[in-house]
Engineer: 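My questions will all concern the structure given below.
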Amino acid sequence: MLHSLGGKKMKHIRIISKNALQDTIHTGACGECQTSCQSACKTSMTVGNQVCLKSERK
Amino acid sequence: MKHLVHQFHFKDKYLAFDVVSNTLLELDVMSYRVLELYSEDIAIDEIIRIIKSEGFEESSEEVRETILDIIKMKEERSLFNEEIIPNGSLFGDDAIIKAMCLHIAHDCNLRCKYCFASSGHFGGKRRMLDIETGKAAVDFLILQSKNRKHLEIDFFGGEPLMNFEVIKVLVEYVKEQAKLHDKIIKLTLTTNGVLLADDIRDYLNKENISLVLSLDGRKEINDNMRYTLDGSSSYDVIVPNLQATVASRDNENYYVRGTYTSKNIDFAADVKHMSDLGFRYISVEPVVAPEDMQYALTNKHLQQIQQEYEKLVEVYIQSLGTEQEFYFFHFNVDLENGPCVAKRLSGCGAGHHYVAVTPEGDIYPCHQFVGKEDFLLGNVKGGINRLEIINQFKETNIYTKPLCRECWARFMCAGGCHANAYGFNQDINQPYQIACEITKKRLEAALYIKAHQS
């Protein structure tokens, strides 16, 4: 949970989670992650439910 | 810039989600309105004027500081990130299959009204997988997985435990072949629980097989859709079996999974019921059925369904920190360690990373396509002979689906279920929109919970 930005506290905005997903376009695609069936007859994974195997190993 | 940030009001919170970076912010009413105006490319002084004219009490200086905070976040790439659209496949040119839905039995010991598999036979013959075909399926997966180390096999049906002896032989074969080829093969089994007796549950625990256990919730809801061959209650048979099963595995390594229909749009009560029964890992899913079926979910149910997810959030939050704390599958969203962009573009991987194999050894893009002859890819004994279909699935991603391109949830959802898109729109590039709306609401709920817990 972050309230500050570059050392300055923000009064009206709270950063709950700061991420840079776009950077994984250069580092990802190892293809080792779990398959994420999206059909409702199993348990449909919106991929957001998953964890990256690479970052889990770190 | 408007489509780059999704702003929404959920229960007591005002939230903003940066689509491309996955950054999540909580705002107050004033900063929420400022962000809306800034997204519309309105100049700073004009934003201040509008905010003041709308009666906000904050001083002009405070409004200006808020705008500057937003600009700073934009410079730091936390807000309004532009999308980099990759050229070609991020997974290379090879067709690599690493996950398999292995249909152990095309028969079932329940007769559920909404079953997409037509009570287990998928429109074909009632048939069991034999050992030879099962082993050929494992060999096929290992061969097609090329240099991938982590593979998955889901024992599926019909009801796979109707063919338990074959499962046992195949588990031994999987272990032997995994060792030989230096693979890690994760096993899951999807079962209705009717046959989960002591010896079977001990075996599944010993072999560390993850379970997906079917139950729809309250007895009257479950039994209205799921009944035995003679039409009697399945709840009375299943619930004791499921409870004993999860207890025998320390309440871990499973999901109890239900389906809701137009007959139980108050499904939060079913989730609560499953939690009361002692289940910790719970998922419920909307039924996928043609609109003319009595139990189908249609546009007219959407608002009620969306409100029900808000109720479910309350049930979920109330359980936190208590002995009955449970995990609701769709509320578990990992913003920090989620999958990479490549995964988020390609989604489930049906038809190129993931296939289904029938008891005859026939290969389909996924279990939902089984029996649709236009999608028959080949056979585990003869290999793939319709590479063009594999390529079609491989080239399908959020950028080939017009509805997904501008959807705020595209990197969380990855484009939805191809089979549903095909089923409703005869086109894997046209998502099934009721599922889209439900998915978006579930994601908003998950983001709200993140904000609540942080």
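We name chains A, B, ... by the order of the sequence lines, and we start the count at 1 in each one.
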Engineer: Measure from the side-chain N and O atoms of S21(B) to the backbone N and O of L21(A), and report whether any donor-acceptor pair falls under 3.5 Å.
Structural biologist: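 No, S21(B) side chain to L21(A) backbone: no donor-acceptor pair under 3.5 Å.
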
Engineer: Would you name the heavy atoms of R77(B) and D23(A) that are closest together and state the gap between them?
Structural biologist: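 Closest heavy-atom pair between R77(B) and D23(A): NH2-OD1, 3.0 Å.
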
Engineer: Nearest 0.5 Å please: distance from the CD1 atom of I15(A) over to the CG atom of L25(B).
Structural biologist: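 Output value for this atom pair is 6.0 Å.
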
Engineer: Tell me, for E58(B) versus chain A, whether the close heavy atoms (under 4.5 Å) come from the side chain, the backbone, both or neither.
Structural biologist: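 Contact with chain A involves the side chain of E58(B) alone.
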
Engineer: Give a yes or no on whether the backbone of I16(A) and the side-chain of S454(B) come within a donor-acceptor separation of less than 3.5 Å.
Structural biologist: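 No; judged by distance alone, with no hydrogens or angles, the pair does not exist.
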
Engineer: How long is the straight-line distance from CG of N22(B) back to CD of Q22(A), given to the nearest 0.5 Å?
Structural biologist: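 Q22(A) CD to N22(B) CG: 9.0 Å, rounded to 0.5 Å.
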
Engineer: At a 4.5 Å cut-off on heavy atoms, which part of N81(B) comes close to chain A: side chain, backbone, both, or neither?
Structural biologist: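 It is the side chain, since no backbone atom gets that close.
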
Engineer: Going from CE on M10(A) to CG on L68(B), what distance comes out if it is rounded to the nearest 0.5 angstrom?
Structural biologist: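 Between M10(A) CE and L68(B) CG, I get 12.5 Å after rounding to 0.5 Å.
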
Engineer: By a 4.5 Å heavy-atom criterion (distance strictly below it), what part of L15(B) contacts chain A: side chain, backbone, both, or neither?
Structural biologist: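 Side chain only.
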
Engineer: Quick one: does H12(A)'s side chain get under 4.5 Å of L27(B)'s, heavy atoms only?
Structural biologist: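 Result no, sub-4.5 Å side-chain heavy-atom pair not found.
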
Engineer: To the nearest 0.5 Å, what is the distance between CD on E65(B) and NZ on K11(A)?
Structural biologist: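 The NZ atom of K11(A) is 8.0 Å from CD of E65(B), to the nearest 0.5 Å.
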
Engineer: Nearest 0.5 Å, please: how far is CD1 in I13(A) from NZ in K72(B)?
Structural biologist: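 That separation rounds to 13.5 Å.
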
Engineer: Is there a donor-acceptor pair under 3.5 Å between the side chain of E336(B) and the backbone N or O of S17(A)?
Structural biologist: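 The answer is no, because no donor-acceptor pair under 3.5 Å joins these two groups.
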
Engineer: Any idea which heavy atoms bring K18(A) and S78(B) closest together, and the distance?
Structural biologist: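 For K18(A) versus S78(B), the nearest heavy atoms are CE-OG, 3.1 Å.
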
Engineer: Answer with yes or no whether the side chains of R344(B) and T24(A) bring together a donor and an acceptor at under 3.5 Å.
Structural biologist: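 There is no such pair (donor and acceptor under 3.5 Å, judged by atom type) between the side chains of T24(A) and R344(B).
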
Engineer: From Q34(A) CD over to K98(B) NZ, what is the distance, rounded to the nearest 0.5 angstrom?
Structural biologist: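 Between Q34(A) CD and K98(B) NZ, I get 8.5 Å after rounding to 0.5 Å.
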
Engineer: Of the backbone (N, CA, C, O) and the side chain (C-beta and beyond), which part of A451(B) lies under 4.5 Å from a heavy atom of chain A, both, or neither?
Structural biologist: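 Looking at A451(B), backbone and side chain both touch chain A.
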
Engineer: Sort D18(B) into side chain, backbone, both or neither according to what part of it lies under 4.5 angstrom from a heavy atom of chain A.
Structural biologist: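 No part of D18(B) comes within 4.5 Å of chain A.
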
